[in-house]
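Only a predicted model underlies this, so the values are computations on that prediction, with no experimental measurement involved. Chain letters run A, B, ... following the sequence lines, proteins first and then strands; every chain starts at 1.
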Amino acid sequence: MVEGYLLSVYYDRERETAAAKLYIEEENEVRIVYLSREHRPYLLTNIPPEKLSKMPEVVGHKGFLRVEEVTKHDILKDIDVTLTKVVAKDPLAIGGRAESLREVIKRVSPGAKVWEADIKYRNCYIYDKLLIPGMRYRAANSGELELIKPRISEEKEREILSKLEDKDKEALQVAKEIVMLLEEEAPSIEALALDIEVETTQHNVIPDPKEARQRVISIGLASSDSSKPPRILLLAKSHDLDEEYIKQSSILKNAEIVTYADEKALIMEALKVLEKAPLLVTFNGTNFDLPYLRHRAQKLGIPDSDIPIVAKRDHYTLRKGVHIDLHKVFSNKSLKNYVYGGRYREVSLDAVSQAILGERKRTPPKEFTTESITRIAEYCLYDTLLTLKLFTYRNNMLLKLLFLFMRISKLSIEDVASTGISNWIKNMMYFELRRRRYLIPTPEEVLNKGRTVTTAKIKGKKYLGAIVIKPKPGAFFNVACLDFASLYPSIIRKYRISFETINCPHSACKSNRIPEVNHWICKKVRGIFPLIVGILRDIRVGWYKSASKDKRLPEDIRSWYEAVQQSLKVFLNASYGVSGAETYPLYCPPVAESIAALGRYAIQKSLEIASAMGVEVLYGDTDSLFIKIRSEEDVEKLEKEIESKLGMDLELDKIYRYTVFSERKKNYLGVSEDGTVDVKGMTGKKRNTPRFIREAFQRALEELRNVKTPDDLEKAKLRIIEIVREARRKLVEKRLTLEELAFEVMLSKPLDKYEKTTPQHVKAAKMLQERGEVVATGKIIAYVKTKTREGVKPIELATIDEIDVEKYEEYLFSTFEQLLDALGIDYETLRTKTATLDQFF
DNA sequence: CTACTCGCCAAAGGCG
DNA sequence: CGCCTTTGGCGAGTAG
């Protein structure tokens with residue numbers, strides 16, 4: 001009897017069956033379990049069985065198994081439909097090839113419709129068997145997996161469920177299951193980090209993993225089990241090592257260094273370690289380390305049975321264990337923004353480590369040859385350790401999150417780690433549709449729900465978005481910021497907005513219109529999307545968000561709850577966006593448009609209510625209002641009024657000692673009572689602004705954080721002018737380095753794709769390319785503004801004499817203008833005053 | 001997902 | 001026709 005955490009479900013082509021990888025905690029290993037062979041891949045079509053049976057291309061197809069009649073509920077039409085299930089022997093017979101049944105049916109019978117034919121079989125299996133990846137299962141001999149339900153105290157469950165807005169039977173049942181998924185903690189799986197170095201003589205040329213021509217000279221292996229020392233396997237003779245260097249290297253002195261005279265023996269040792277590893281972690285392993293090792297091993301004549309590295313359609317993994325490529329994980333935009341707060345821009349080991357761990361990579365040796373083997377060993381092992389640290393950062397936070405994402409999305413760990421939020425939500429939705437015997441609609445059917453009717457403010461956008469209230473310029477003391485907690489998810493739940501409820505087929509529902517758009521919402525059914533999103537919202541806002549900050553709870557529980565509330569946030573923040581994303585298969589523009597319209601309605605009504613109460617609104621954006629506090633009761637009264645008139649909670653988020661707004665939207669500053677300064681949207685804070693300007697801006701903020709009274713503010717203004725003046729003087733006298741002057745801007749696409757214009761960073765990048773450097777998408781280009789013909793130079797090629805001082809002066813002034821014009825100092829005053837004052841020196 | 005700011009680019013428009 | 005100014009919009013980064 002095998003019991004373990006379900007890590008992944010996949011299709012084993014040789015055994016022709018679905019298989020599962022279970023993690024056995026007690027033994028720290030992954031066990032493969034072959035699942036029920038009775039379950040087969042299939043698709044649905046509206047061609048009747050008797051007609052299908054007469055199609056030789058179908059019944060004669062080598063993968064064809066049988067046809068069955070099935071009843072499904074078509075949620076778009078709200079009727080039951082009888083369809084034909086075409087069952088096949090293997091997944092590729094259904095889709096993925098030109099000769100797959102999916103294509104054959106469409107070709108032979110052009111008018112026919114096909115559903116559910118592009119779902120990956122591993123996921124189809126999960127839906128039909130109601131498996132929840134990330135949960136504990138017991139494997140029976142029959143090939144069935146049985147969920148081991150975690151115990152949750154009834155009291156706790158009741159308390160969490162009490163936070164739900166909808167308490168009907170269906171909602172309670174779904175919510176109970178979700179609470180079960182969220183309450184069971186993740187196992188701490190031993191992670192093995194790997195990094196390899198390959199011999200090269202040419203600088204900056206990455207060896208091709210398909211060819212695997214060069215020798216592997218170093219393999220770093222580091223385990224999250226701290227009792228196991230990090231290991232470095234080297235292609236060298238022991239006397240090649242520089243013992244003195246090793247003794248002084250903090251990285252190498254604690255490592256186990258093993259030398260091999262033979263590359264084959266070196267690789268075989270690494271493969272032996274990989275064979276046993278339950279969880280492999282790399283940085284870019286899918287594009288480099290794993291394919292390189294695999295191909296190199298094959299080249300050296302190592303038999304396939306001894307190579308535990310498996311190539312899948314779009315990733316590399318282990319035969320037994322699972323592989324997580326951190327490059328893929330950190331490229332995930334939802335994780336980047338909502339979990340790591342957008343702290344890194346470039347997805348390189350160096351940039352991510354620096355942003356998250358505060359550690360940078362070592363500078364690589366000039367040449368990767370056996371002569372410099374000790375230096376290579378240090379470099380390689382350091383990368384390995386960084387990779388490991390990124391994975392285990394903050395008590396294994398990433399692993400906890402991945403488990404929660406698996407459970408919520410019902411995707412295997414490798415799918416979660418390599419695909420984005422829209423795929424996660426899609427899978428979550430498909431799982432819920434399938435379990436209810438609802439027909440999963442095709443993208444075309446969902447698109448037929450209607451078109452958008454509003455016009456966006458920005459050219460090229462599809463529909464009108466949120467309202468940004470024009471700020472009242474100036475400094476205001478005692479300001480409250482109120483906001484709707486999870487506005488869009490609240491709207492989705494409250495107004496039941498979903499692709500099946502919008503513009504529904506019932507004529508009785510047509511009176512249930514949404515303001516500003518002519519769409520209506522079904523009065524009869526709630527919709528799947530509002531059900532799930534509503535529950536996720538209510539339990540995050542009502543329970544996990546506060547529980548994660550509850551100091552009375554033990555540290556490990558709090559850490560788990562932090563992961564829970566973060567993972568819920570990721571799903572909730574994306575729930576509105578996906579409806580308007582063309583890449584999402586349930587893409588439904590009227591849904592996205594209606595959610596935005598109701599958001600505008602909520603903020604507009606709140607504004608009116610506040611005005612009617614005589615409350616002064618200083619600013620607002622999408623889901624927030626900044627108001628001048630007259631008295632404590634004011635805020636409470638406003639909250640109550642909005643709750644009773646709107647049925648939504650606008651809650652106090654923050655109180656500012658004072659705020660500074662200019663006439664610009666999305667551009668302000670607020671100082672809290674404890675002295676923390678929130679700066680939003682200002683150039684002085686943006687990451688592409690030259691460092692000397694950012695630092696001057698930072699000093700200005702230091703002045704502002706100490707301001708307590710309007711009088712203080714006046715004094716601070718003068719000191720800020722002094723700061724600008726000082727920065728300007730340093731600039732004019734060129735007492736700045738090129739690094740301090742650099743604009744750091746990211747290349748968002750390949751150089752040759754900039755067709756309409758040539759922005760400055762692209763000009764600089766082209767100069768680097770001409771010099772033979774590789775400038776790939778995602779790279780951050782550091783350039784300075786120069787007086788040369790092009791006007792720019794990458795810092796690598798520039799000298800301080802070429803700097804265009806006037807341009808920098810302009811940039812410095814305009815950065816501070818955002819701050820100072822709100823304080824009554826305009827651009828001209830700043831310029832002239834700075835210039836005049838300067839003449840005295 | 002849309003809204004907004006800023007600097008720059010490149011095409012359009014005005015002028016002699 | 002060339003020079004100069006104006007202007008639309010591209011691209012990056014950000015707010016929510």
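Taking the centre and axis of the six-membered ring of A:F431, the NZ or CZ atom of A:K410 falls inside the cone set by 45° and 6.0 Å.
In this structure, A:K779 places its NZ atom 16 Å from P of C:dA12, rounding to the nearest Å. One can place NZ of A:K461 at 11 Å from C1' of B:dC4, the figure rounded to the nearest angstrom. When rounded to the nearest whole Å, the span between CD of A:E582 and C1' of B:dT2 equals 14 Å. Look at CG on A:D821: it is 14 Å from C1' on B:dC6, rounded to the nearest Å. Per the geometry, NZ belonging to A:K749 stands 6 Å off P belonging to C:dA12, to the nearest Å. Rounded to whole Å, the distance from CD1 on A:I781 to C1' on C:dG13 is 16 Å. In this structure, OH of A:Y754 is placed 9 Å from C1' of C:dA12, rounded to the nearest angstrom. In this structure, NZ of A:K686 is placed 9 Å from C1' of B:dC4, rounded to the nearest angstrom.
Between A:H761 and A:Y754, the ring planes lie perpendicular to each other; the angle is over 60°, past the 30° to 60° tilted range. Ring-plane geometry between A:F626 and A:F661 is classed as perpendicular, the angle between the planes exceeding 60 degrees on a 0 to 90 degree scale with a lower cut at 30.
In the set B:dT5, B:dC4, B:dT2, B:dC4 carries the atom at the smallest distance from any side-chain atom of A:V468. Closest to the side chain of A:H761, out of C:dG16, C:dT14, C:dA12, is C:dA12. Listed nucleotides B:dC6, C:dG16, B:dC4 differ in distance to A:Q818; the shortest reach to its side chain belongs to B:dC6. Residue A:I458 places its side chain closer to B:dT2 than to any other of C:dT14, B:dT2, C:dA15. Relative to the side chain of A:K666, the nucleotides C:dG16, C:dA12, B:dC1 differ in distance, and C:dG16 lies closest. Taking only side-chain atoms of A:L464, from C-beta outward, the nucleotide of B:dT2, B:dA3, C:dG13 with the closest atom is B:dA3.
Between A:L731 atom CG and A:Y808 atom OH the span is 8.5 Å, to the nearest 0.5 Å.
Of the two residues contacting DNA chain C, namely A:Y488 and A:R345, the nearest-nucleotide position lying further toward the 5' end is that of A:R345.
Contact annotation for A:Y668: backbone-only contact, meaning every heavy-atom pair under 4.0 Å involves sugar-phosphate atoms and none involves a base. Within the 4.0 angstrom heavy-atom criterion, only backbone atoms of the sugar-phosphate kind lie near A:A456; the bases stay farther away. Among the atoms of the strands shown, none is found under 4.0 Å from any heavy atom of A:M682.
The side chain of A:K685 contributes an N or O atom lying less than 4.0 Å from OP1 or OP2 of C:dA15. Contact check, A:S748 against C:dA12: a side-chain N or O comes under 4.0 Å of OP1 or OP2. At the phosphate of C:dG16, OP1 or OP2 sits under 4.0 Å from a side-chain N or O atom of A:K680. Contact annotation: A:R687 side-chain N/O to C:dT14 OP1/OP2 distance is under 4.0 Å. At the phosphate of C:dA15, neither OP1 nor OP2 sits under 4.0 Å from any side-chain N or O atom of A:K665.
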Restricting to nitrogen or oxygen on both sides, can you table the protein-nucleotides 2-5 of chain C pairs closer than 3.5 Å?
none

List every contact pair, protein side and nucleotides 7-10 of chain B side both N or O, where the distance is under 3.5 Å.
from: B:dG7; atom 1: OP1; to: A:S814; atom 2: OG; distance (Å): 2.6
from: B:dC8; atom 1: OP1; to: A:K785; atom 2: NZ; distance (Å): 2.5
from: B:dC9; atom 1: OP1; to: A:K763; atom 2: NZ; distance (Å): 2.9
from: B:dA10; atom 1: OP1; to: A:T758; atom 2: N; distance (Å): 3.4
from: B:dA10; atom 1: OP1; to: A:T758; atom 2: OG1; distance (Å): 3.4

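The environment of CD in A:E663 is sparse: at most 12 heavy-atom neighbours from other residues, nucleotides or ligands sit within 6.0 Å. The 12-atom threshold is not exceeded at CZ of A:R451, counting heavy atoms of other residues, nucleotides or ligands nearer than 6.0 Å.
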Inset, instruction - Please test A:E562 against A:Q566 for side-chain hydrogen bond (donor to acceptor under 3.5 Å, both in side chains), starting from the C-alpha separation and ending with a verdict. - result: CA-CA 6 Å; A:E562 176 60 23; A:Q566 292 253 36; 3.1 Å; yes
Inset, instruction - Could you walk me through whether A:K666 and A:D621 pass salt bridge (charged side-chain N to carboxylate O under 4.0 Å, His left out), step by step? - result: CA-CA 8 Å; A:K666 297 183 184 284; A:D621 186 349; 2.8 Å; yes
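By the 4.0 Å N-to-carboxylate-O rule, A:D674 lies too far from A:R657 to be salt-bridged with it. Checked for salt-bridge contact, A:R687 and A:E744 miss the test: no charged N lies under 4.0 Å from a carboxylate O.
Evaluated for a side chain to side chain contact (heavy atoms under 4.5 Å, CB included) with A:V784, the options A:I800, A:I803, A:L736 yield exactly one hit, A:I803.
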